[in-house]
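To find a chain, count down the sequence lines: A is the first, B the second, and so on, and within it residues start at 1.
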2 protein chains.
Amino acid sequence: MKDAAALSTFRHLPPDKQERVLTAALEEFADKGYHQASLNKVVAQAGIAKGSIYQYFPNKEGLFSFLFQQALGAVRRTLTAVKEETLEQDLFSRLEKSLRAGVRFLREHPRIYNFYLKIQYDKNVPFREEFLAVIRRHAAEYFGSLVRRAKARGELRPGVPEDAVLFLLDAVFDRFLQATALSALDVTLGLHQAPPEIVDKRIREIIGLLREGLAA
Amino acid sequence: MKDAAALSTFRHLPPDKQERVLTAALEEFADKGYHQASLNKVVAQAGIAKGSIYQYFPNKEGLFSFLFQQALGAVRRTLTAVKEETLEQDLFSRLEKSLRAGVRFLREHPRIYNFYLKIQYDKNVPFREEFLAVIRRHAAEYFGSLVRRAKARGELRPGVPEDAVLFLLDAVFDRFLQATALSALDVTLGLHQAPPEIVDKRIREIIGLLREGLAA
DNA sequence: ATCTTTCATGACCACTTGGTCATAACACAA
DNA sequence: TTGTGTTATGACCAAGTGGTCATGAAAGAT
C-alpha cells in the first residue's frame with residue numbers, strides 16, 4: 001500500500017477543492033472501473049487543469065490507491081460500530097442489524113460501494129490482490145467473531161461446518177447488497193429503490209430462512 | 001438481439017478458421033470485458049488481418065453479440081438436460097445435482113463463465129440489459145420450476161416466502177460458482193482448484209445448511 | 001486465358017488515453 | 001519593487017483504439 005499518499009501539494013489545498021477532486025475521481029472510478037476511467041473526465045468534472053491532477057497524485061494508480069484507503073476507512077468505522085452495538089444480542093438479531101447497516105451504508109455511499117464492486121470483479125485492477133486481501137480480512141474477522149460467539153452460546157445447530165456457515169453468510173450478504181445497489185441483480189426481491197420497511201421485511205425473511213432452513 | 005448474426009463471409013469460412021476467430025475473441029472478451037478488450041489483440045491471436053474481422057462481423061458490438069448468442073446456447077443445453085434428468089427427485093437432490101452440473105460446466109467452459117461475469121458486473125457493456133434479461137428469464141424458469149414442484153410435493157416448510165427462497169438459491173448458487181471460478185472470491189471454502197470429491201462435499205454441506213437451517 | 005466474384009491485407013484515419021513540461025500566475029517576504 | 005517558492009495551466013507526446021478502404025490474391029466459371 002505504498003502509493004496511497006497524496007502529494008504534499010494536494011494536502012495543502014483548500015478542503016473544498018480537495019473534495020471536488022476526490023468526489024469527481026471516485027465517481028469516475030465507481031462508474032467505469034479502473035482502466036475505463038478517464039482522468040480527462042475527472043479533471044473536467046473537478047474543474048481543474050490536466051496538469052494539476054499530477055501535482056496532487058503521482059499518477060492514476062496513486063489516485064486510485066488513495067481513494068481505496070479513504071473508502072476502507074469509512075467501511076471500517078461503520079463495521080466496528082455495528083459490531084460493538086450488537087455485542088450482547090443473539091446471532092440472528094446481529095445478522096439482521098448488520099445487513100440493515102450494510103444497506104444504510106450503501107445508500108449513503110453508493111459510489112464507495114460501486115467502487116468496491118469494480119475492484120472485486122475486474123481482474124485487471126492494480127493492487128487488486130492487495131486490496132481484496134484487506135477487505136477479506138475485515139469480513140472474515142467480522143463474521144468469524146459473530147459465528148464463534150454464537151457457537152459458544154449454543155445458538156448454532158451442533159455439528160454445522162463453520163466454513164460453510166461463513167461462506168453462506170458471505171454469499172447471502174454480498175448478494176443482498178448487490179441486489180439493492182444494482183437493479184440488474186435485483187430480480188426476485190424488488191430491493192433496488194424500495195423503502196426501508198420493505199427492505200427490513202426482506203431482511204427478516206432471508207435471515208429467517210437461514211435460521212430455520214427450507215425443508216418441511 | 002439484432003446484430004447477432006455473423007456476416008455471410010464468416011459463415012462460408014472453413015470451420016477451423018471460424019473456431020480460431022471465435023476462440024480468440026471469446027478469450028479476449030472473457031479476460032478484459034467489452035471495452036477493455038482489443039480487436040487488435042483478437043486478430044493477432046487468431047492470425048488474421050485487421051481488416052478481415054470486419055468482413056466477418058459488422059463491428060465490435062456485432063462480434064460480441066454473436067459470442068453471447070453462442071454462449072447462451074451452450075448454457076441452455078446443459079440447463080435443460082439437468083432439469084429433465086432430475087425431474088423425479090426431491091428438491092435438495094436436484095439442487096445438489098444442479099450445482100454439480102454448474103461446476104462441471106464452468107470447468108469445461110471457463111471462458112464462457114468469465115464472459116458472463118463480465119456482462120453481469122460491467123455497467124457499460126452494450127446490450128447488457130437485454131442479455132441479462134434473457135439470462136434472468138432462464139434462471140427464474142429453472143429455479144422457479146424446481147421450487148414450485150417442491151412446494152406441491154410438500155417438501156418445503158409451510159409458509160416460506162417463495163421470493164425469498166428464490167433469492168437465496170440464486171445468491172448461493174451464483175456465489176458458489178464464482179468462488180470456484182475466481183480465486184479472489186474463494187475465501188472460505190477452498191474450491192478454486194479443488195478435486196471433485198472436495199467440491200461435492202462442500203456442495204452437500206451448503207445444501208444441508210439451506211435445508212435444515214443454522215439455528216440450534 | 002479471361003472475366004467475375006469472393007476473400008485477405010495492412011497502411012491509414014480520427015480519436016482518446018495517461019503522462020510531461022515549459023511557462024505563467026500567484027502569494028508572501030524583504 | 002524585486003525576488004522566491006509554490007501552484008496552475010494546457011499544448012504536446014507516444015501509444016493504443018475501432019474502423020475504413022484501395023489494392024491484391026484466389027478461385028471458379030466460361
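Note: NE2 (A:H12) to P (C:dA27) measures 16 Å, nearest angstrom. With rounding to whole Å, B:L7 atom CG is found 15 Å from C:dA8 atom C1'. If you take CZ of B:R11 and P of C:dC7, they are 10 Å apart, rounded to a whole angstrom. For the pair B:I53 CD1 and C:dC7 P, the computed distance is 15 Å after rounding to whole Å.
Among the protein residues, A:Y56 comes within range of the sugar-phosphate backbone only, with heavy atoms under 4.0 Å from sugar or phosphate atoms but none that close to a base.
A ring-centre distance under 6.0 Å is found for B:F29 and B:F64. Aromatic pair A:F131/A:Y116: centroids not less than 6.0 angstrom apart. For A:F57 and A:F66, the distance between ring centers is under 6.0 angstrom.
For the atom pair NZ of B:K118 and CG of B:D31, the computed distance is 7.0 Å after rounding to the nearest 0.5 Å.
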Problem set entry | Verdict with reasoning, A:L63 to A:Y56, per side chain to side chain contact (heavy atoms under 4.5 Å, CB included) | CA-CA 8 Å; A:L63 171 57; A:Y56 304 157; over 6 Å; no
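Minimum atom distance to the side chain of A:I48 is reached by D:dT9, of the listed D:dT9, D:dA8, C:dC7.
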Protein-nucleotides 23-29 of chain D N/O pairs closer than 3.5 Å?
none

Exercise. Just by protein heavy atoms under 4.0 Å, how would nucleotides 17-22 of chain C read 5' to 3' in B, S and -?
Worked result: SBBBB-
I'd like a table of donor-acceptor pairs (distance under 3.5 Å, sequence neighbours excluded) in which one partner is a side-chain atom from residues 7-17 of chain A, with atom names and distances.
residue, atom, partner, partner atom, Å
A:R11, NH1, A:A6, O, 2.8
A:H12, ND1, A:S8, O, 2.6

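For the 3.5 Å distance criterion, the side chains of A:K32 and B:N124 fail to qualify, holding no donor opposite an acceptor. For the residue pair B:Y142 / B:S98, a side-chain donor-acceptor distance below 3.5 Å is found, with atom types taken as modelled.
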